[in-house]
Amino acid sequence: MHEHADTKSASLREKNLEYVTSCDLPMPWATFQLHAFLDTVTGKEHLALTLGDVANGEPVLARLHSECLTGDALFSQRCDCGAQLEGALKNIAAEGRGVLLYLRQEGRGIGLINKIRAYRLQDAGADTVEANHKLGFDADLRDYGQCKPILNYLGITELRLMTNNPRKMDALQQHGVPVTERLPLLLNRNPFNEHYLRTKASKLGHWIAVHTPGHK
Ligand SMILES: Nc1nc2c(ncn2[C@@H]2O[C@H](COP(=O)(O)OP(=O)(O)OP(=O)(O)O)[C@@H](O)[C@H]2O)c(=O)[nH]1
Ligand SMILES: [Zn+2]
């Protein structure tokens, strides 16, 4: 038992992660367990929310959510993040079992301040990818390497993943996290984020139907 826990801690340590503690987190839809992990190099605090018995070997309904302070906490309509966060938690609560990793890679890895700089460039006409390039960054700097050891620590082996992002699917495969099913998560399409979602589809390959005005 202890040996097993030690192996799990060792694979966390390989990614400079440490499990810290857990608590109950009552939400409007269910009471989740909140687990805190610390990246000892960057100081980033990654979170996992679990519901039900996720360690019984069955594939787990999952969302890997990248931090978006503006969308998740400030109700921004520039993106679909807040609605996806809420929708994923509701779906997990409806099944009574699942996991959401809240990964602190704000702004696709460029950080909050740079994301706001990117938004300003977008206000002046750039798209989400061009804005990153103008600031000297690649389109997407995220790293999903921390997911496997965190999931492993929680006893989760296979995912049924809620995402529209093919890069996320590829990254998980590269990191050896089996995904048995992909479930689309298309929420909060609105006039403010239509262009952003179209760019994600055309330049980043997201599986989002691009419809022209007048066609649903
Ligand atoms: N650099 C940058 N980051 C953004 C922008 N809009 C949203 N983000 C960040 O993008 C991340 C969310 O990525 P998305 O591509 O929307 O979604 P995803 O998680 O990759 O894919 P899904 O699983 O389908 O939702 C969050 O970290 C946001 O902060 C933007 O215009 N520029
Ligand atoms: Zn967002």
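Both ligands and their constituent atoms are indexed starting at 1 by order of listing. Note that the numbering runs from 1 along the sequence shown for the chain.
Below 3.5 Å of separation, one finds an N or O of G107 facing an N or O of ligand 1.
Nearest protein heavy-atom contact of atom 19 (O) of ligand 1 is K168 NZ, 2.8 Å. When only non-hydrogen protein atoms are considered, atom 12 (C) of ligand 1 lies nearest to R142 NH1, 3.8 Å. In terms of protein heavy-atom proximity, atom 8 (N) of ligand 1 is nearest to Y196 OH, 3.8 Å. Closest to atom 32 (N) of ligand 1 among all protein heavy atoms lies T128 OG1, 3.4 Å. Among all non-hydrogen protein atoms, the one lying nearest atom 23 (O) of ligand 1 is T163 OG1, 2.5 Å. Nearest protein neighbour of atom 5 (C) of ligand 1, counting heavy atoms only, is R108 NH1, 3.7 Å. Ranking protein heavy atoms by distance to atom 16 (O) of ligand 1, first place goes to K200 NZ, 2.5 Å. For atom 24 (O) of ligand 1, the closest non-hydrogen atom of the protein is N164 N, 2.7 Å.
Within ligand 1, the atoms closer than 4.0 Å to a non-hydrogen atom of Q105 are 27 (O), numbered from 1 in the order shown. Heavy-atom contacts of S66 reach the following atoms of ligand 1: 26 (C), 27 (O) (cutoff under 4.0 Å). Annotation for ligand 1: atoms under 4.0 Å from non-hydrogen atoms of I110 are 1 (N). Within ligand 1, counting atoms from 1 as listed, the ones closer than 4.0 Å to a heavy atom of R63 are 19 (O), 22 (P), 23 (O), 25 (O). Less than 4.0 angstrom separates some heavy atom of E67 from each of these atoms of ligand 1: 26 (C), 27 (O), 28 (C), 29 (O). Interface atoms of ligand 1 facing H206, defined by a heavy-atom separation under 4.0 Å, are 15 (O), 20 (O), 21 (O), 24 (O).
With hydrogens and angles disregarded, no donor-acceptor distance shorter than 3.5 Å links the side chain of E158 to the backbone of T180. For the pair N193 (side chain) and R189 (backbone), a donor-acceptor distance under 3.5 Å is absent. At distances below 3.5 Å, not a single donor-acceptor pair connects side-chain atoms of R63 with backbone N or O atoms of L100.
Rounding to 10 degrees gives 120° for the angle at the Zn ion (ligand 2) between SG of C81 and SG of C68.
Note on ligand 1: H65 sits outside its first shell, no heavy atom being nearer than 4.0 Å. A heavy-atom separation below 4.0 Å is found between Y119 and ligand 1. By the 4.0 Å heavy-atom criterion, R167 is excluded from the residues contacting ligand 1.
Applying the 6.0 Å contact sphere to CG of L74 captures more than 12 heavy atoms from other residues, nucleotides or ligands. Within a 6.0 Å sphere centred on CD of E45, other residues, nucleotides and ligands contribute 12 heavy atoms or fewer. Residue K134 qualifies as open at atom NZ: its count of foreign heavy atoms under 6.0 Å is 12 or below.
Considering CD of E106 and OG of S66, their distance stands at 9.0 Å, rounded to 0.5 Å.
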